[in-house]
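To keep things clear, I will list the structure first and then write my remarks on it.
None of the values given here were measured: they were computed from a predicted structure. First the proteins, then the strands, lettered A, B, ... as listed; each starts at 1.
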Amino acid sequence: MLDRKFIVENAEAVRTNCVNRGVAADVARFVELETERKTRQVQIEDLNRRANEVSKSIGKAADAVERDARKEEGRQLRGQVATIRAELDEIEAEQLAIQGTIPNMSHPDAPVGEDDQANLERAQGKTALPEFDFEPADHVELGERLALLDFESGSRVAGAGFYFLKNEAVLLELALARFAFETLLAEGFTPMTTPDVARNEVLQGTGFIPRGPETQIYSIENTDLSLIATAEIPLGGLLAGRTVDAESLPLKFCGMSHCFRTEAGAAGRASRGLYRVHQFTKIEMFAFTLPDQSEPMLEHLREMECRLFDALEIPYRVVDTATGDLGGPAYRKYDLEAWMPGRGGYGEVTSASNCTDYQARRLDARYKVKGEKGTHFVHTLNGTAIAISRALVAILENHQQADGSVAVPEVLRPWVGMERIKPKQQGQ
RNA sequence: GGAUGGGUGGCCGAGUGGACUAAGGCGGCAGUCUUGAAAACUGCUGUACGCAUCGCGUACCGGGGGUUCGAAUCCCUCCCCAUCCGCCA
């Protein structure tokens, strides 16, 4: 969320930004409430001060009569505090509700627009679009022919949206993970595997809504735990409620986790195959930085994503996300969209966001400069290194061959142990 | 799952109703001393918010609630951690 003082002092800019982002948030009401809140705050502090003075004077009271009189005075004061406190709580609750709906400010270069139609292509990958001298298959059909994907069993076991990977698909998953980690380790990222569940508090801190009608999150009954939708959640939680020394920043992590998403309301929307599933494995980058480091860090994350997908020989474009499509926490966001011959178009495979201090404020993740008074909020960034399921779509569809096989990208061969994935006989 | 003990300021750690709303130590910062450093000595050293001309105030001792004029301290409740036992990949 945004800082309340910032909202009040920049009400007009915040309001305009809400419009650009397509969010209806009552900024004016927030500002109005802030005045109300401050009045109450000052009243309460004054009453508390007087009550504290009274309390201290009781020990020194001359006699029982005076003591009783002072006690009564104290009771009165504390009673008044309780009344005003209740009003203040109500005001704060309303403010917090509004504050939660106000999105982060937007980078001045982010394209202004309602939705992904307004996204701006910034660059293209090194790999040219494939030209097939045959009718290319989509990944579902390839998965079938090569015995790599089993959606039917997945849905029998866990329901629609779940799947089994098998045979070389499993090797590809492991190879992709290994490849991503090797690349990122060389760049100073600290590798992590994370809990696949997290406290709802951590979900909320990172900006995810664990419950409610439009939630995308699976929650675990009778606990305050949810299945994570991305390693961004536990990695962001690493510094939740903590204050680190400024010198220790930036911190770069890459975490592998399973990701679980209910995809409520997404039925029918490109729902075939691996593109939109309830569970997948993902290697995610996450960074905590000083404020002036976050913009270069976003470029760094994007650069890593490009390097990974160039190495996988997958054609893609880099898109600068439009204000209306940024979501709540992002200040700026780049997506990599890979070419997917099966759909004859681009599909999102990664996403890198600079959340500035928006996420950190909710997480309460701070840094402190030695010798200076006070603390500041860190900046947080996250970016997909490789989301296995979507990477598999792109690999299978782009590297398919006329003979029905799929070429394994050069960089993965050491781990997959073969150059080609060949069609199987029935039952394999 | 069973038993026990715990959660206090950057860290260690004292503190069972009012004497600074946290002793003492470590670490950190500044100064004295010293050719320089170390040691020693002296002082300072949490965060947030508010008011304000140095400064003052309010809140915070795991979270929430309660008792009381007054709670780190008493009560209720939840969470977490540690150790041992059992079970187990």
Side-chain angles (χ1 to χ4, degrees), chain A residues 1-9 30-96 99 193-205 210-211 219-226 234 237-249 251 256-258 288 357-358 360-378:
Chain A
M1 55 186 142
L2 291 180
D3 178 51
R4 64 162 95 238
K5 206 185 284 177
F6 179 87
I7 297 171
V8 172
E9 287 169 4
F30 184 91
V31 173
E32 183 185 318
L33 286 167
E34 182 63 6
T35 313
E36 297 284 306
R37 189 189 68 82
K38 269 194 189 166
T39 311
R40 305 279 191 303
Q41 185 73 44
V42 170
Q43 285 174 338
I44 287 173
E45 286 183 2
D46 187 55
L47 287 167
N48 272 336
R49 186 182 50 76
R50 284 158 60 193
N52 286 343
E53 280 166 8
V54 168
S55 292
K56 278 180 193 158
S57 75
I58 287 174
K60 299 174 205 137
D63 52 50
V65 176
E66 188 187 338
R67 233 191 319 275
D68 284 344
R70 305 248 83 187
K71 282 189 188 180
E72 180 51 32
E73 193 183 346
R75 253 193 297 273
Q76 289 279 341
L77 288 167
R78 302 280 175 188
Q80 289 178 50
V81 170
T83 308
I84 302 175
R85 176 93 240 169
E87 291 171 14
L88 183 109
D89 286 348
E90 222 170 288
I91 291 166
E92 285 191 333
E94 191 182 343
Q95 270 193 309
L96 202 61
Q99 208 175 356
T193 60
T194 78
D196 283 340
V197 300
R199 294 179 197 291
N200 290 333
E201 192 184 301
V202 177
L203 286 258
Q204 275 152 356
R211 294 183 202 275
S219 53
I220 301 174
E221 207 174 354
N222 298 324
T223 71
D224 69 336
L225 294 172
S226 296
L238 282 174
L239 287 198
R242 312 221 304 174
T243 304
V244 299
D245 287 335
E247 303 101 89
S248 67
L249 299 173
L251 289 169
M256 178 166 71
S257 78
H258 291 117
F288 298 97
D357 62 359
Y358 188 90
R361 189 167 292 108
R362 232 186 316 216
L363 281 172
D364 191 26
R366 303 158 183 268
Y367 71 91
K368 183 171 170 49
V369 179
K370 268 208 166 64
E372 276 183 24
K373 222 154 163 57
T375 58
H376 312 274
F377 291 107
V378 301

Please measure how far the P atom in C84(B) lies from the corresponding atom in C78(B), and state the result in whole Å. 27 Å

Rounded to the nearest 0.5 angstrom, the CD-CZ distance for Glu92(A) and Arg85(A) is 6.5 Å

Using the side-chain contact (heavy atoms from CB on, under 4.5 Å) rule, take Leu363(A) and Leu239(A) through it: C-alpha gap first, then chi angles, then the decisive distance, then the call. CA-CA 8 Å; Leu363(A) 281 172; Leu239(A) 287 198; over 6 Å; no

Could you measure between the two C1' atoms, the one in U58(B) and the one in A3(B), and give it in whole Å? 44 Å

Give one of base, sugar-phosphate or nothing for Arg50(A), where a contact means two heavy atoms less than 4.0 Å apart. nothing

Using the closest heavy atom to pick a nucleotide of RNA chain B for each, name whichever of Arg49(A) or Lys71(A) lands nearer the 5' end. Arg49(A)

When rounded to the nearest 0.5 Å, the distance separating CD of Gln95(A) from CG of Leu33(A) is 5.5 Å

Measuring to OP1 and OP2 of A48(B), would you say a side-chain N or O of Thr375(A) lies under 4.0 angstrom away? yes

Considering just the side-chain nitrogens and oxygens of Lys368(A), establish if one lies under 4.0 Å of OP1 or OP2 belonging to U47(B). yes

Rounding to an integer number of Å, can you tell me how far Gln95(A) CD sits from C49(B) P? 14 Å

For Asp196(A) and A89(B), give me the distance from atom CG to atom C1', rounded to whole Å. 16 Å

Could you work out the separation of G31(B) and G36(B) based on their P atoms and round it to a whole Å? 13 Å

Any Lys/Arg nitrogen of Glu45(A) or Arg49(A) sitting under 4.0 Å from an Asp/Glu carboxylate oxygen of the other? no

Determine whether Glu247(A) and Val369(A) satisfy the following criterion, side-chain contact (heavy atoms from CB on, under 4.5 Å), listing intermediate values before the conclusion. CA-CA 8 Å; Glu247(A) 303 101 89; Val369(A) 179; over 6 Å; no

Rounded to the nearest 0.5 angstrom, the CD-CD distance for Glu90(A) and Glu87(A) is 8.0 Å

Determine the interatomic distance between P on C44(B) and the same-named atom on A52(B); round to the nearest Å. 29 Å

Could you tell me how far G7(B) sits from C51(B) if I compare only their C1' atoms? Round to whole Å. 35 Å

Report the nucleotide, chosen from C51(B), U68(B), G18(B), that has the shortest atom-to-atom distance to any side-chain atom of Ser55(A). G18(B)

Between G27(B) and A38(B), how far apart are the P atoms? Round to whole Å, please. 13 Å

Dot-bracket for RNA chain B, please. Rules: Watson-Crick or G-U, both distances under 3.5 Å, ( ) within the strand, [ ] when a pair crosses earlier ones, | for another strand, . otherwise. ((((((((.[[[..)..(.....]]]((((((.......))))))((((((...)))))).[[[[[..)....]]]]])))))))....

Rounded off to whole Å, could you give me the NZ-to-C1' distance for the Lys5(A) and C51(B) pair? 12 Å

N or O in side chain of Asn52(A) less than 4.0 angstrom from U58(B) OP1/OP2: yes

Upstream residue (5' side of RNA chain B) when Asp46(A) and Arg37(A) are each assigned their closest nucleotide: Arg37(A)

Candidate pair Leu88(A) and Arg37(A), rule side-chain contact (heavy atoms from CB on, under 4.5 Å), full reasoning: CA-CA 6 Å; Leu88(A) 183 109; Arg37(A) 189 189 68 82; 4.0 Å; yes

Arg242(A) atom CZ is separated from G9(B) atom P, nearest whole Å, by 14 Å

Tell me the interatomic distance from Arg4(A), atom CZ, to G50(B), atom P, rounded to whole angstroms. 9 Å

Return the value, rounded to whole Å, for the distance between atom CG of Asp245(A) and atom P of G46(B). 16 Å

OG1 (Thr375(A)) and CZ (Arg242(A)) are apart, to the nearest 0.5 Å, by 14.5 Å

Between A22(B) and C56(B) - P atom distance, rounded Å: 14 Å

On a whole-Å scale, what distance lies between the C1' atoms belonging to A14(B) and G2(B)? 33 Å

Could you check how far CD of Glu201(A) sits from P of G64(B), rounded to whole Å? 11 Å

G50(B) base to Gln41(A) side chain: any donor-acceptor pair below 3.5 Å? no

If I compare all heavy atoms of Val378(A) with all of Ala360(A), which pair ends up nearest, and what's the gap? O-CB, 3.1 Å

From the set C51(B), A48(B), C49(B), return the single nucleotide nearest to any side-chain atom of Glu45(A). C49(B)

Roughly, in whole Å, what's the span from CG in Asn48(A) to C1' in C56(B)? 16 Å

